[in-house]
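Reviewing the structure listed below.
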Amino acid sequence: MATTIYPVILPVPETVRRLAPAERVRALSELARRALACSAQRLQVVLGALRKDARGAPLPVAGHHWSLTHKPLFAGAVLAPAAVGLDLEALRPCSPALYRRTATDAEWALFGGSDPRIIFFRCWTAKEAVLKAVGEGMRGWSHCRIHQVSGDMRLAVDYRDTLWPVEQVFFHGHVASLAGRGFRVEWHPEDGPSP
């Protein structure tokens, strides 16, 4: 039976949104860490110190992998017993040039006739989540390809000949993607999104 993991997404309080940029980044990071504590609590894992390697990739804590993400309106995190990545983005207008750099024509065709903005952000967050899971960051972007689309909430990304399942959720004009293998995903609202 697959382990259930609990990605948690929290709304950013108005007081944090009004902070000066440097203070706001610190507060968003703290909020994402609070979301991680909620995810860990659901797994009944006691978190120790959170550390990163020389490249900035999160190192496992208490035998579990973790991923954080934050944007102006939401911050999120997840804890899992194996490699995992979480990303979220607001659905907003983007340039056609960015659309072309994010996915190939073949990748776009996998989605059918959906809204290009939604396809773009599904691709972007899925690839970013996979890159977080493998600890590569954006330098690995050219090795990510959408391999399969399974409806509005699931797809698979090929990264260097390894398929990564990605679960997605839409909420309040945002999309979140979680990449990981061997998990059952239960999106946990904590005053945030519900599937």
Side-chain angles (χ1 to χ4, degrees), residues 1-13 16 19 22-89 124-141 143-144 154-157 159-160 162-169 171 174-195:
M1 179 133 199
T3 299
T4 301
I5 61 171
Y6 306 91
V8 173
I9 298 173
L10 301 173
V12 174
V16 171
L19 294 172
E23 291 177 65
R24 185 171 53 243
V25 169
R26 280 191 295 275
L28 289 171
S29 179
E30 183 179 307
L31 186 61
R33 288 168 188 265
R34 191 175 328 147
L36 182 62
C38 293
S39 182
Q41 184 176 23
R42 294 260 174 213
L43 283 175
Q44 299 180 351
V45 173
V46 177
L47 289 176
L50 300 177
R51 294 188 174 96
K52 296 182 178 184
D53 68 15
R55 298 176 308 163
L59 294 170
V61 61
H64 286 72
H65 297 253
W66 53 282
S67 183
L68 306 176
T69 185
H70 55 77
K71 295 296 175 211
L73 299 179
F74 292 95
V78 65
L79 188 74
V84 67
L86 178 66
D87 191 50
L88 71 91
E89 290 286 342
W124 181 275
T125 59
K127 289 180 179 186
E128 181 73 15
V130 168
L131 292 171
K132 286 181 175 185
V134 298
E136 264 308 296
M138 296 302 282
R139 67 183 157 268
W141 191 268
H143 300 287
C144 279
R154 290 182 178 83
L155 49 83
V157 174
Y159 178 75
R160 295 184 182 268
T162 299
L163 285 183
W164 285 84
V166 177
E167 298 273 340
Q168 297 180 310
V169 65
F171 61 98
H174 288 69
V175 60
S177 290
L178 183 138
R181 292 183 299 216
F183 308 131
R184 198 172 76 75
V185 178
E186 184 179 311
W187 293 95
H188 192 63
E190 291 294 329
D191 296 324
S194 57

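Quick note: numbers below take in every heavy atom, side chains included, and nothing from hydrogens, waters or symmetry partners. Quick caveat: nothing in here was measured; it's all calculated off a predicted structure.
- At a threshold of 4.5 Å between non-hydrogen side-chain atoms, the residues Leu47 and Arg33 do not count as touching.
- With contacts defined as side-chain heavy-atom distances shorter than 4.5 Å, the pair Asp87/Trp124 qualifies.
- When every heavy atom of Ala133 is checked against every heavy atom of Gly85, the shortest pair comes out as CB-N, 3.6 Å.
- Looking at Lys132, its side chain never comes within 3.5 Å of a backbone N or O of Pro58 through a donor-acceptor pair.
- To the nearest 0.5 Å, the span separating CZ on Arg26 from CG on Leu19 amounts to 9.0 Å.
- Counting only heavy atoms from C-beta outward, the side chains of Val134 and Thr162 never approach each other to under 4.5 Å.
- Side-chain atoms of Arg55 come within 3.5 Å of backbone N or O of Gly135 as a donor-acceptor pair.
- Without hydrogens or angle criteria, Ser39 side chain to Leu79 main chain gives a donor-acceptor distance under 3.5 Å.
- Heavy-atom minimum distance, Glu167 versus Trp187: O-CZ2, 3.7 Å.
- The two atoms that bring Glu128 and Trp141 nearest to each other are N-CZ3, 4.1 Å, heavy atoms only.
- Put simply, CG on Leu28 and CG on Leu10 are 11.5 Å apart, with the number rounded to the nearest 0.5 Å.
- Going from atom NZ of Lys127 over to atom NE2 of His143 covers 12.0 Å, rounded to the nearest 0.5 Å.
- With contacts defined as side-chain heavy-atom distances shorter than 4.5 Å, the pair Val78/Val185 does not qualify.
- Annotation: the span from Ile5 atom CD1 to Leu178 atom CG amounts to 4.5 Å, rounded to 0.5 Å.
- To the nearest 0.5 Å, the span separating CG on Leu155 from OG1 on Thr125 amounts to 8.0 Å.
- For the residue pair Thr3 and Pro81, the shortest heavy atom distance occurs at CG2-CG, 4.0 Å.
- Closest of all the heavy-atom pairs between Ala77 and Ala32 is CB-O, 3.3 Å.
- Using the six-membered ring where Trp is involved, Phe74 and His174 have ring planes that are perpendicular, over 60° apart on the 30 and 60° scheme.
- A donor-acceptor contact shorter than 3.5 Å links the side chain of Trp66 to the backbone of Leu59.
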Given side-chain contact (heavy atoms from CB on, under 4.5 Å), test Leu31 with Val16 step by step and report yes or no. CA-CA 10 Å; Leu31 186 61; Val16 171; 6.0 Å; no

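- Shown here for Leu86 and Ser67, the closest heavy-atom pair between the two residues is N-OG, 2.9 Å.
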